[in-house]
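In what follows, chains carry the letters A, B, and so on, assigned in the order in which the sequence lines appear, proteins first and then strands, with residues in each chain numbered from 1.
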There are 4 protein chains.
Amino acid sequence: MKNDIKQKSILLFEKKGFSETSIQDIVETLGVTKGTFYYYFTSKEQLLMDIHVSYIDDLLERQETVRLNQLSNRKKLEELIALLIIDIANHGPSGKVFFREMRHLCEDNAREVKRKREKFRKNLEAIISEGIAQNEFKKELEPGIIAFAILGVTNWSYQWFNPSGEISADRLARVYSDLIFNGIV
Amino acid sequence: MKNDIKQKSILLFEKKGFSETSIQDIVETLGVTKGTFYYYFTSKEQLLMDIHVSYIDDLLERQETVRLNQLSNRKKLEELIALLIIDIANHGPSGKVFFREMRHLCEDNAREVKRKREKFRKNLEAIISEGIAQNEFKKELEPGIIAFAILGVTNWSYQWFNPSGEISADRLARVYSDLIFNGIV
Amino acid sequence: MKNDIKQKSILLFEKKGFSETSIQDIVETLGVTKGTFYYYFTSKEQLLMDIHVSYIDDLLERQETVRLNQLSNRKKLEELIALLIIDIANHGPSGKVFFREMRHLCEDNAREVKRKREKFRKNLEAIISEGIAQNEFKKELEPGIIAFAILGVTNWSYQWFNPSGEISADRLARVYSDLIFNGIV
Amino acid sequence: MKNDIKQKSILLFEKKGFSETSIQDIVETLGVTKGTFYYYFTSKEQLLMDIHVSYIDDLLERQETVRLNQLSNRKKLEELIALLIIDIANHGPSGKVFFREMRHLCEDNAREVKRKREKFRKNLEAIISEGIAQNEFKKELEPGIIAFAILGVTNWSYQWFNPSGEISADRLARVYSDLIFNGIV
DNA sequence: TATGAATGAGCATTCATTCAT
DNA sequence: AATGAATGAATGCTCATTCAT
């Protein structure tokens, strides 16, 4: 039941937004009563936090796998980009909620999630730095800004990319990698 | 008065979000009463629409100026990137509201704003296509995807870029142009 | 309207208790809606505080009148006892709410009301001390304890005394004064 | 277990009030679940009734002991006052719950408790009447009113008297007896 | 132009209670 | 003897909106 509530909530939050989705909406979809919701979650915000933590923890874990394998930094970066894009196909709604609704977390929870988000970004930045040191990337790059740019390209996809449309997720990931590695000129 | 309401609202919507800002909040900040608000706006949503339209119309107008000048497509693209980044310094709050709160427009208004947003994107895409035709950009590029990527890089900046921090807007625009043109390898 | 809400609330709080009286109960009795209640009061607790403050302020003011007149301390004490008993006839419900529901005030408000209550008690104590000094009362009395005893006798009346029953308020006040002055032996 | 629930409940009801204490609060303090509560008590109100009955039955029993011994009425009255005051030290929380929360009993139970309370009061009144007949007390006294006054003095102590403070319970009982017997003049 | 009073629908949350196991 | 899942009704409170003045 707890997981049912969570999954349905993700879909509703994605479609209507966190503030616009009432507990009533959630439990009605599941055919249970509000009491049931509060048996499993202490508040609406706690549910949102739960969703956030699952999402970012999963992402961090998979990033770790990439980070620790024996590939070149260029290859690692390519894999991370693919990971993020392909995630839209697999966990699109979670991702949208994650990127849009963080504002509704209470201060303490927001801080915790922010820390994890930044850890992901810092890891990305570290791969870029490493790549520069290994002469895989241009030496005049600023790793911090480049990391933000890459996250911009990938995260923005959540706003428009439809994985069941003309372009496949794999394809999009390759196009983006090529753009980031080689530019358009 | 009408403009006062609009400007204060932008600031409040940016800070607290549209749903979380009440009409009461807005009029209290201005020292007037709710009646006054409804004298100038027929609804909260109409105010949001007003904000959206001003923002995107201004952007389209400035895009038009870039588009019609006699520069190379590469130079035009560079100018558009700069335009978007520098806008954060000048109209940051409006931009944040624009990117975050479109969901709260009613269907008809959302459609209208979407049309204008897409017009901006299509214009960007056209510049890329033109550049390919003129051999300024690689011929195998897919202009549509590249346009989304560029918007991702620039629009995502609204989420983290602080124009009064270490990096200036000018500098960020140059770094981003360089990334997009030449890549990181 | 604000005063209507207050008066009706006093009656409901007296009859059913503060916690057991809902805002719905209050507004229904008045034929208005909840919105109206919250137009005049920011919370249920604020309404309770309002009731408390009116009550104790009125009492303190009347105590002051007694305290400042030119009578003997014995006479002053007699008048204070009468004041408290006769108040049951005039403001019984307010008094009951005052004595029973203070626990529902928030910390800050409770402290403020407590301070006023204690002021009343201290004034009573002062009259007793003064009376001892003037040889009106026995010299071995402990004014603090006596003050508590007197308040016990009078305040407890709120729990059983029915001013429209057999014994009149005037009569009860005289019996109580006699008891306190002369005892039962 | 049943008694554990009762004792913890008394403490919680005293601290937070009956309405403000939830079954959840009670069982959490004991480390059991709600089911356990409902195994021993059929309702929250029944638990309150149980507390009330224990308290007043104990008081009546001890009153009976005093009533039946061979002392003068004056001495009996003195002992009853002491009994009530010293009870604050021994069963303070129960007493506070008893005096404050009777309102939450259902009609039938309230009637039963009221009957017992009145029995206590009537017994007190009888001792006074007896004392008058025996010329121990003034003959013009009205026993009913005097009984109420005595109960006011003693019961009100529950609101302020701290048995571990400066004044001991024994001492307070003596001061109160003296006041009631001899007055302050 | 602006106010102030009022509405009514909705919301997150609480809680005593039930009941199959 | 005790649990854990679920209910459903109620509660305090918010808020966009209306409207007579």
Side-chain angles (χ1 to χ4, degrees), chain A residues 1-2 4-5 18-28 30-48 104, chain B residues 1-2 4-5 18-28 30-48 104, chain C residues 1-2 4-5 18-28 30-48 104, chain D residues 1-2 4-5 18-28 30-48 104:
Chain A
M1 180 83 277
K2 186 171 184 179
D4 288 0
I5 294 175
F18 178 78
S19 292
E20 287 66 33
T21 303
S22 68
I23 304 291
Q24 195 58 251
D25 291 337
I26 295 169
V27 297
E28 241 161 46
L30 288 158
V32 295
T33 58
K34 282 194 226 178
T36 305
F37 178 92
Y38 283 96
Y39 181 74
Y40 292 104
F41 297 94
T42 61
S43 70
K44 198 184 171 190
E45 195 258 342
Q46 198 225 45
L47 162 63
L48 184 63
H104 298 105
Chain B
M1 179 81 275
K2 187 172 183 174
D4 287 359
I5 293 175
F18 177 77
S19 291
E20 288 66 36
T21 303
S22 68
I23 304 289
Q24 195 60 252
D25 290 336
I26 296 168
V27 297
E28 241 161 48
L30 289 158
V32 295
T33 56
K34 282 193 219 176
T36 307
F37 179 92
Y38 282 94
Y39 181 78
Y40 291 107
F41 297 92
T42 63
S43 71
K44 198 183 169 190
E45 193 258 343
Q46 199 225 44
L47 161 63
L48 183 64
H104 298 103
Chain C
M1 180 82 274
K2 187 171 184 178
D4 287 0
I5 293 175
F18 178 77
S19 292
E20 288 65 34
T21 303
S22 67
I23 305 291
Q24 196 58 252
D25 290 338
I26 297 168
V27 297
E28 240 159 46
L30 288 158
V32 295
T33 59
K34 280 195 229 176
T36 304
F37 179 92
Y38 283 96
Y39 181 76
Y40 292 104
F41 296 93
T42 61
S43 70
K44 197 184 170 190
E45 194 257 341
Q46 197 224 46
L47 162 63
L48 183 63
H104 298 104
Chain D
M1 179 83 278
K2 187 171 182 177
D4 287 0
I5 294 175
F18 177 77
S19 292
E20 288 65 36
T21 303
S22 68
I23 305 289
Q24 196 59 253
D25 291 336
I26 296 168
V27 296
E28 241 160 48
L30 287 159
V32 295
T33 57
K34 282 193 221 176
T36 306
F37 179 92
Y38 282 95
Y39 180 78
Y40 291 106
F41 296 93
T42 64
S43 70
K44 197 184 171 190
E45 194 258 342
Q46 199 225 43
L47 162 63
L48 183 63
H104 298 104

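Atom-to-atom, NZ of K2(C) to P of dA6(E) comes out at 13 Å; the value is rounded to the nearest Å. Between the CG atom of L48(D) and the P atom of dA16(E) there is a distance of 13 Å, given to the nearest Å. Distance CD (Q46(B)) to C1' (dT18(F)): 16 Å, rounded to an integer number of Å. Following rounding to the nearest Å, I5(B) (CD1) and dT1(E) (C1') show an atom-to-atom distance of 11 Å. With rounding to whole Å, Q24(B) atom CD is found 14 Å from dA6(E) atom C1'. Atom CZ in F37(D) sits roughly 8 Å away from atom P in dT17(E) (whole-Å rounding). In this structure, F41(D) places its CZ atom 15 Å from C1' of dA2(F), rounding to the nearest Å. dT3(F) atom P lies 15 Å from atom CD1 of I23(D), rounded to whole Å.
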Could you walk me through whether I26(D) and L47(D) pass side chain to side chain contact (heavy atoms under 4.5 Å, CB included), step by step?
-> CA-CA 11 Å; I26(D) 296 168; L47(D) 162 63; 4.1 Å; yes

Start with the C-alpha gap between I23(D) and Y38(D), add the side-chain angles, then the distance that decides, and say whether side chain to side chain contact (heavy atoms under 4.5 Å, CB included) holds.
-> CA-CA 10 Å; I23(D) 305 289; Y38(D) 282 95; 4.0 Å; yes

Stepwise side chain to side chain contact (heavy atoms under 4.5 Å, CB included) check, V27(B) with T33(B) = CA-CA 6 Å; V27(B) 297; T33(B) 56; 5.7 Å; no

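Across all strands shown, dT21(E) pairs with dA2(F); the Watson-Crick or G-U wobble distances both stay below 3.5 Å.
Of the two residues near DNA chain F, V32(A) and T42(B), the one whose nearest nucleotide lies more 5' is V32(A). Positionally, the nearest nucleotide of DNA chain E for G31(B) lies more toward the 5' end than for the other of G31(B) and F18(D). Sequence order on DNA chain E of the closest nucleotides to S43(D) and T21(A) puts T21(A) first from the 5' end.
Put simply, S22(C) has no side-chain N or O that comes within less than 4.0 Å of OP1 or OP2 on dA10(F). The side chain of Y40(D) places an N or O atom within less than 4.0 Å of a non-bridging phosphate oxygen (OP1 or OP2) of dA2(F). At the phosphate of dA1(F), OP1 or OP2 sits under 4.0 Å from a side-chain N or O atom of Y39(D). Regarding contacts with the backbone of dA1(F), every side-chain N or O of Y38(D) stays at 4.0 angstrom or more from both OP1 and OP2.
Closest to the side chain of M1(D), out of dA2(E), dA2(F), dC13(F), is dA2(F).
Heavy atoms of S19(A) sit nowhere under 4.0 angstrom from any nucleic acid atom. Residue contacts shown for T36(D) include a base, since a base heavy atom lies under 4.0 Å away.
The backbone N or O of M1(D) lies less than 3.5 Å from no partner atom in the side chain of D4(D), so there is not a single donor-acceptor pair.
Taking NE2 of H104(B) as the reference point, atom NZ of K44(B) lies at 8.0 Å (rounded to 0.5 Å).
Below the 3.5 angstrom threshold, one finds no donor paired with an acceptor across the side chain of K34(C) and the base of dT7(E).
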